[in-house]
Amino acid sequence: ASKVCFRDSASLAGRGGPVSKREAALFGLARSLSQENGDVEGYALYQITYGVSEYLRGRWRSATEMLDEVCGRLLAMRRWNANGNVFAVYALAYRGDLREVRARANRLIADAERRGDLYTTVNLRASHPISAWLAADDVEGARRHVRESMGQWSKTRFLVQHWQSMLWETEIDLYAGDGLRAWDRLGRDAVALRRSHLLGFQLLKVLTHFARGRSAVASLDMLGDAMRARRIEEARKSLRILEAQGLPWSAALAAMLAATIAKASGDDGAVDGLLARAVELAEVADMSLHAAAARHQRGVQRGGEAGRALTEDAEKAMTSMGVRIPARYAGALMPGRWRREG
């Protein structure tokens with residue numbers, strides 16, 4: 001019964017939005033059953049499932065703390081620990097602690113490869129820890145991680161791991177400054193992704209459209225006027241989807257994309273306010289690196305002494321989180337020409 005509760009509650013959490021009464025009841029029942037029966041493994045599985053559900057709603061700190069606690073306490077239970085360790089690293093990546101992400105990922109990958117644990121290897125080498133390799137300005141290393149790990153993965157159908165590799169190859173292209181390649185990478189898997197129904201999971205939908213909107217903007221310089229207008233409209237479609245999600249972390253990404261689109265559209269009068277909102281919302285969502293990236297672009301956009309102070313402050317913050325070239329990393333999260341015209 002407890003396993004059914006875990007499965008169903010995790011499925012409900014993946015849909016996102018506020019916690020429903022049914023999801024809360026299922027988690028409560030799973031916790032009660034495991035505690036009443038003295039089922040140590042069952043209670044650990046409850047904690048890991050709940051921690052993953054916190055991650056799926058963008059509650060990065062809560063997810064990290066719960067997953068770290070249970071994985072540290074039950075080191076021997078590898079069959080439950082795999083998801084716990086993987087999702088703790090994912091949550092850390094969105095909190096911006098990329099030094100710790102890289103250290104943990106390297107340690108967990110080495111252990112998984114020694115044990116032949118392909119699940120952990122692929123889910124770390126072709127997913128969110130890629131942000132740490134990009135932060136170290138290791139573009140080729142990031143590409144190699146995705147390529148080599150996905151070369152070992154099933155190709156029979158489009159799984160979440162294929163979505164991850166699509167997303168992070170796009171992120172690599174954005175960091176490398178190749179917006180057209182990023183746009184084309186998303187297009188290559190668009191049909192398979194749609195048929196997979198993976199975008200029914202809110203987190204996947206949000207991250208896909210954040211990448212899609214930025215890729216649309218990043219590709220503009222390679223396009224003629226008519227195609228530029230269509231591409232900006234594609235970015236706006238993704239923005240509308242982000243704005244409809246209603247969670248703090250999705251609101252932060254929406255604000256970042258809104259500022260990026262405004263700048264690309266020549267709406268300089270709106271850009272500073274949108275950037276300020278992006279900083280504020282990212283800080284509320286516990287996404288310090290995203291906040292610093294928005295602050296960096298705001299400083300570049302403002303120019304002058306005030307702008308330089310903002311940019312320097314952002315660069316110090318990003319460097320402390322493990323980013324080697326802050327301007328390049330900020331440009332991947334918020335692409336465009338961030339200088340006020342005239």
### Message
Could you go through Gln164 and Asn123, starting from their C-alpha distance and side-chain angles, then the distance that decides it, and tell me whether this counts as side-chain hydrogen bond (donor to acceptor under 3.5 Å, both in side chains)?
### Response
CA-CA 8 Å; Gln164 289 174 164; Asn123 280 285; 3.3 Å; yes
#### Entry: Steps toward side-chain contact (heavy atoms from CB on, under 4.5 Å) verdict (Arg337, Asp221)
CA-CA 10 Å; Arg337 299 184 178 184; Asp221 286 347; 3.4 Å; yes
### Task
Please step through side-chain hydrogen bond (donor to acceptor under 3.5 Å, both in side chains) for the pair Tyr119 and Asn83, ending with a clear verdict.
CA-CA 9 Å; Tyr119 174 86; Asn83 267 343; 2.4 Å; yes
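The SG atom of Cys71 sits 11.5 Å away from the CE atom of Met66 when rounded to the nearest 0.5 Å. Note: Arg185 CZ to Asp173 CG = 8.5 Å, rounded to the nearest 0.5 Å. Between Ile325 atom CD1 and Glu315 atom CD the span is 11.0 Å, to the nearest 0.5 Å. Here CD1 of Ile261 is found 10.0 Å from CG of Leu274. Values are rounded to the nearest 0.5 Å.
Distance alone, capped at 3.5 Å, places no donor-acceptor pair between the Arg214 side chain and the Thr260 backbone. Side chain of Thr120 to main chain of Asp117: no donor-acceptor pair is present (N/O by atom type, distance under 3.5 Å, no hydrogens or angles). Judged purely by atom type and a 3.5 angstrom limit, Ser196 has no side-chain atom pairing as donor or acceptor with the backbone of Phe158. Using a distance-only test at 3.5 Å, with no hydrogens or angles considered, a donor-acceptor pair links the side chain of His162 to the main chain of Leu159. Gln245 places a side-chain N or O within donor-acceptor distance of the main-chain N or O of Ile241, the cut-off being under 3.5 Å. For the pair Asp189 (side chain) and Ala192 (backbone), a donor-acceptor distance under 3.5 Å is absent. No donor-acceptor pair under 3.5 Å is formed between the side chain of Arg143 and the backbone N or O of Glu169. Panel note: side chain Asp138, backbone Leu134; no donor-acceptor pair is recorded below 3.5 Å.
In this structure, Arg231 satisfies the cation-pi test against Trp183, with its NZ or CZ atom closer than 6.0 Å to the six-membered ring centre and inside 45 degrees of the ring normal.
The shortest side-chain heavy-atom distance between Asp313 and Arg295 falls under the 4.5 Å cut-off. Here the side chains of Leu275 and Met334 are in contact, with some heavy-atom distance below 4.5 Å. You'll find the side chain of Ile130 stays beyond 4.5 Å of the side chain of Arg125, heavy atoms only.
Relative ring orientation between His128 and Tyr90 is described as perpendicular, the plane-to-plane angle rising above 60° on a 0-90° scale split at 30° and 60°.
At a cut-off of 3.5 Å, with distance as the only test, no side-chain donor of Ser131 or Trp168 sits close to an acceptor on the other residue.
Separation of the Trp60 and Tyr55 ring centroids falls under the 6.0 Å cut-off.
When each of Asp68, Asp97, Asp111 is checked for a salt bridge (charged side-chain N to carboxylate O under 4.0 Å, His left out) with Arg104, only Asp68 meets the rule.
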